Amino acid sequence: MPLRTGSHSPAGFGKSLPERGLLLLMVLVFLEGSVLPLGAASSPDISHQANLDDHKAAHEGHNSTKKPFPVLALEYDRVQIPFEISLWVLLASLMKLGFHLIPRLSSIVPESCLLIVVGLLVGGLIKLAGEEVPPVLDSRLFFLCLLPPIILDAGYFLPIRPFMENLGTILMFAVVGTLWNAFFIGGVLYGVTQIQPANPSSLNQIELLPCLLFGSIISAVDPVAVLAVFEEIHINELLHILVFGESLLNDAVTVVLYHLFEEYAGVGTVTLLDGILGVISFLVVALGGVLVGAIYGILAAFTSRFTSHTRVIEPLFVFVYSYMAYLSAEIFHLSGIMALIACGAVMRPYVEANISHKSHTTIKYFLKMWSSVSETLIFIFLGVATVDGPHAWNWTFVTVTVILCLVARVIGVVGLTFVINKFRIVKLTTKDQFIIAYGGLRGAIAFSLGFLLNEDHFPMRKMFLTAIITVIFFTVFVQGMTIKPLVELLAVKKKQEAKRSINEEIHTQFLDHLLTGIEDICGHYGHHHWKDKLNRFNKKYVKKCLIAGERSKEPQLIAFYHKMEMKQAIELVESGGGSKLPSAVPSTVSMQNIQPKKPPPAKAAERALPQLPKGREEEIRKILRSNLQRTRQRLRSYNRHTLVADPYEDGFSELLIKKQKMVELEKKIKEMSNYLTVPAAPPDSPTMRRARLASGRDTDFKPAQQQKGNKNCSDPQAYSVKPVSDSVPTIQVDLASPQSPDSVNLLDEFKHAGQQQPQVEDQGLMMKPPSGQSGPNKPHEADQARDQQKLTRCLSDPGPSADEDEDEPFLP
Amino acid sequence: MGSRASTLLREEEIEEIKKETGFSHSQITRLYSRFTSLDKGENGTLSREDFQRIPELAINPLGDRIINAFFPEGEDQVNFRGFMRTLAHFRPIEDNEKSRNPTASEPLNSRTNKLLFAFRLYDLDRDDKISRDELLQVLRMMVGVNISDEQLGSIADRTIQEADTNGDSSISFNEFIKVLEKVDVEQKMSIRFLH
């Protein structure tokens, strides 16, 4: 969470701000800490109060003694529960805020640890106040409210490609690894408990099945903890997806094992039949969960197809459908986590193609926000629940458990990697194995599952809970804190921060096709073959159903390219020229496009060729105006802590005034050489004539330069000198292409706002052909006026009402 | 399948192919049976028509180019050796090969050779540069018919601009390598030839 306020404070105050902030936080925390016990105190009184009130009312009905009208009354019970919930959430958020004020601390200790400590403190405070600690980590609350946002966030932003490429490995770790862990830990623990020393302890009473149950609870790697810790260490994508994917997919195994052992622990035996049923149950749970999720995902995608008129509730569909998927899966004891992941992953490509840009931002921010708060709350509650107890500490049990967890994990990972490497093209090295083993953190899911145990069936529940908490603390604190220095020490490959270039995109697709072809030649139906088939199926049938309008035909490459161009244009202006000029903006603007390839745009419905419908235009407008948005398809997926900061929300006005940068830009343009050979366009088209007229001088329109888009305005007033040399690639005004509201020449736009002069405008960032031409002889002034209007409208948020502009096609 | 009289694969041949390409014995025999199943004319070589008979290749946008890559310069037939030599580029790189004697010539499936293979698919006229036109052709094949020329043109321009370091408005092999340095070519360009 970028702390923007910090960045805005003048340098002099910089040092004192953290301290001040800290003080403020402490005060707030103590205040809250003291209110919570109050809250806790009044809860036992509620029923009491209710009775009293009833009595009073009854009496008053009879006696109606007049009392002075209460000017100020205190009625806490009515709002108690929402009030307490809000207090907790506020506490969690303030804590998050606080940690970032002390960067030194948060770089040593991962946030999760700090939060647990805070939870311990708050729990301690409450206990000190003599009140009963509210059972905050209630399983229902956890599984129904706290966990889904985190999983949905993870699922929606799951990087599908690496996930699918490594699916086999992930499944091996998740299924086989977890099974191995569960049985190993359970078995050895049972062995340990059966050791009869001279003085028999309570341990000996534990049966095999409860041990196995305990093993299955404690063996699952926890997605919340993994996310929390791994986000901060930025390891390479492969390792991240392996550990994270494993933590997500092992839910099915855990669910089955848990229910299996819990069911039969009372009876005391598990037969082979039960085992087989368990296996079948596992398949049902896993596949069923995925199926339920996929169905809801498709429903959501389908619904989003029709939301073009009610953009405001688009995000709601995403959230509600996903949550329903989770709940539906939980009804049937299927794996809710897998349902949620499947739902998010399935719906995302289609929903993103359909929804507006604002909705997309909303979804992104809401998901990050909820998951962030949830995670914080979970850790705090863990701390509180620890203080609460009840605890039954047993040295042997606990230490053996901790050691076993580590040992089992290491053996499991090493063994599995040995097998897996036989099937992998890119093998897992020892370093990788170490990180995978070390990253097997346990978390709140284990605790909640333990909490769910029935005390009657499991008299050793307290001991289990204590052990679980100890393991969680150990993994989160010790492993969480040391993993970062270890990663540095071992020089594990870090995440590559660079953006994906268009070259990579093109060549990757090229290689995909190449490999598919080679596989076909070899008759080898491998990875690429099926992926290709799926893509074809997707393109041919699914996209048509689920994506509205013309976006369904847009090739991925084109969409990617547009986003890049947009982004770069914004970067260009921001950096005042920077190191790269996008010399090749989609130049549908070129002179060639004077004759549009089809008749003037019919209404939005009629688009034979791919054009960007309303939604895209709106998006691009939004991008230009306010956001430096990264390519949507390549989101920095699951990093909750560093949502891309928004440089434009505050700095927009400064940009407008940066004439200086324009001038620098000018210079840069001069330096660039024209290196592209582009087919010549008819040299003296009407457009060019007009352009010359408008610019009032003889701009040298080289045919070669026509194709390029980003234009500087030819207005002589704005720029010092328009480079006349042929070597300048490009800045071209295409006056014949009007009204693309979005075809905003950024430079022009900003100049406009800054200068408030009517400008000629044809904008460079055009992704739009001169459509709706009534002919090249359109009156110039009308153009200007309209353009000016459009531009100012562009600058302000057009909102959903700027309809008439949105009908125009975006691409020829 | 591999016992047609005129095209039996002899042990010596297998050994030679093994040395040249690095495939294992079982892989070679398996690919040989594939070769013979494609070879409808039963003359021990494959022609272009034999490749074009593969249905999936027909719908592959790069189908023709891939087929051409098998045929050495100017020839119309490819024998089994040539077939294997081309396929060798797609063998996964094994760890033990990385530490091989550096003076030995680079194996066919090294990263550079893989990239060279891909580069040659772009660069039809073999002038060691991917020109804008060549890039445009490939883009047109991959993207389909619906996108306008101008737009593809600007994508091509952008692509070249990004990659071009020496300003000759085309992509040389070294520039190509540099652009793909972040892409995991070893994995992307490898097929697991099952044992």
Side-chain angles (χ1 to χ4, degrees), chain A residues 165 423 425-427 496 498 501-504 506-524 526-529 532 536 553 555 557-558 561 564-565 580 582-590 592-593 597 609-610 673 675-679 707-709 769 811-812, chain B residues 31 34 37-38 51 54-57 59-63 65-67 70 87 90 92-93 95 118 121-122 132 135 138-139 142-144 146-151 153-164 167-169 176 179-180 182-194:
Chain A
E165 280 174 8
F423 297 100
I425 297 180
V426 174
K427 319 270 183 211
Q496 289 169 340
S501 69
I502 184 123
N503 266 281
E504 286 180 14
I506 293 180
H507 296 314
T508 313
Q509 275 201 26
F510 181 83
L511 289 177
D512 279 341
H513 287 304
L514 171 62
L515 268 276
T516 311
I518 298 283
E519 278 190 0
D520 292 328
I521 292 179
C522 296
H524 169 83
H527 185 61
H528 290 93
H529 179 88
D532 194 58
R536 259 180 236 288
K553 297 210 191 70
L557 201 57
I558 306 294
Y561 178 64
M564 281 197 78
E565 284 295 297
K580 261 197 209 179
S583 64
V585 166
S587 56
T588 50
V589 164
S590 76
Q592 321 287 45
N593 286 334
K597 291 201 173 142
L609 297 169
S673 57
Y675 44 71
L676 294 168
T677 54
V678 163
Q707 302 285 345
K708 313 241 213 89
L811 288 175
Chain B
L31 287 170
R34 175 71 179 168
S37 71
L38 289 175
F51 280 105
I54 305 174
E56 292 90 356
L57 219 48
I59 47 177
N60 191 319
L62 299 178
R65 293 200 179 204
I66 299 176
I67 296 176
F70 278 88
L87 285 183
F90 296 94
I93 299 181
D95 284 329
L121 284 182
Y122 275 104
R132 184 177 185 271
L135 189 59
V138 173
L139 280 175
M142 292 207 294
V143 149
N146 286 333
I147 312 295
S148 76
D149 282 332
E150 291 82 12
Q151 201 176 10
S154 48
I155 296 182
D157 293 335
R158 172 58 182 273
T159 309
I160 293 184
Q161 181 205 356
E162 256 183 24
D164 197 14
D168 61 354
S169 43
F176 187 72
V179 159
L180 288 181
K182 293 205 196 76
V183 173
D184 192 3
V185 172
E186 286 90 339
Q187 183 176 22
K188 278 215 153 9
M189 276 192 76
S190 300
I191 298 183
R192 236 172 288 151
F193 293 98
L194 302 170

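In the text below, chain A, chain B and the rest are named by the order of the sequence lines, each starting its count at 1. Predicted, not measured: the structure shown is a model, and the values here were computed from it.
- Nearest heavy atom pair, residue R34(B) against residue D520(A), reads NH2-O, 2.9 Å.
- Interface check for chain A: of the options L139(B), L38(B), V185(B), the most heavy-atom pairs under 4.5 Å are formed by L139(B).
- With rounding to the nearest 0.5 Å, the separation of CD1 in I506(A) from OH in Y122(B) is 6.5 Å.
- Note that the CG atom of L514(A) and the CG atom of N60(B) stand 8.5 Å from one another [nearest 0.5 Å].
- Distance check, rounded to the nearest 0.5 Å: CG of L511(A) to CE of M189(B) gives 5.5 Å.
- Summarising the geometry of V179(B) relative to H507(A), their closest heavy-atom pair is CG1-CD2, 4.1 Å, with the distance given to 0.1 Å.
- The NE2 atom of H513(A) lies 12.5 Å from the CZ atom of R65(B); values are rounded to the nearest 0.5 Å.
- Within the model, atoms SG of C522(A) and CG of L87(B) stand 4.5 Å from one another, a figure rounded to the nearest 0.5 Å.
- In this structure, OG1 in T516(A) is found 10.0 Å from CD1 in I59(B), a value given to the nearest 0.5 Å.
- At a 4.5 Å heavy-atom cutoff, I67(B) makes no contact with chain A through either its backbone or its side chain.
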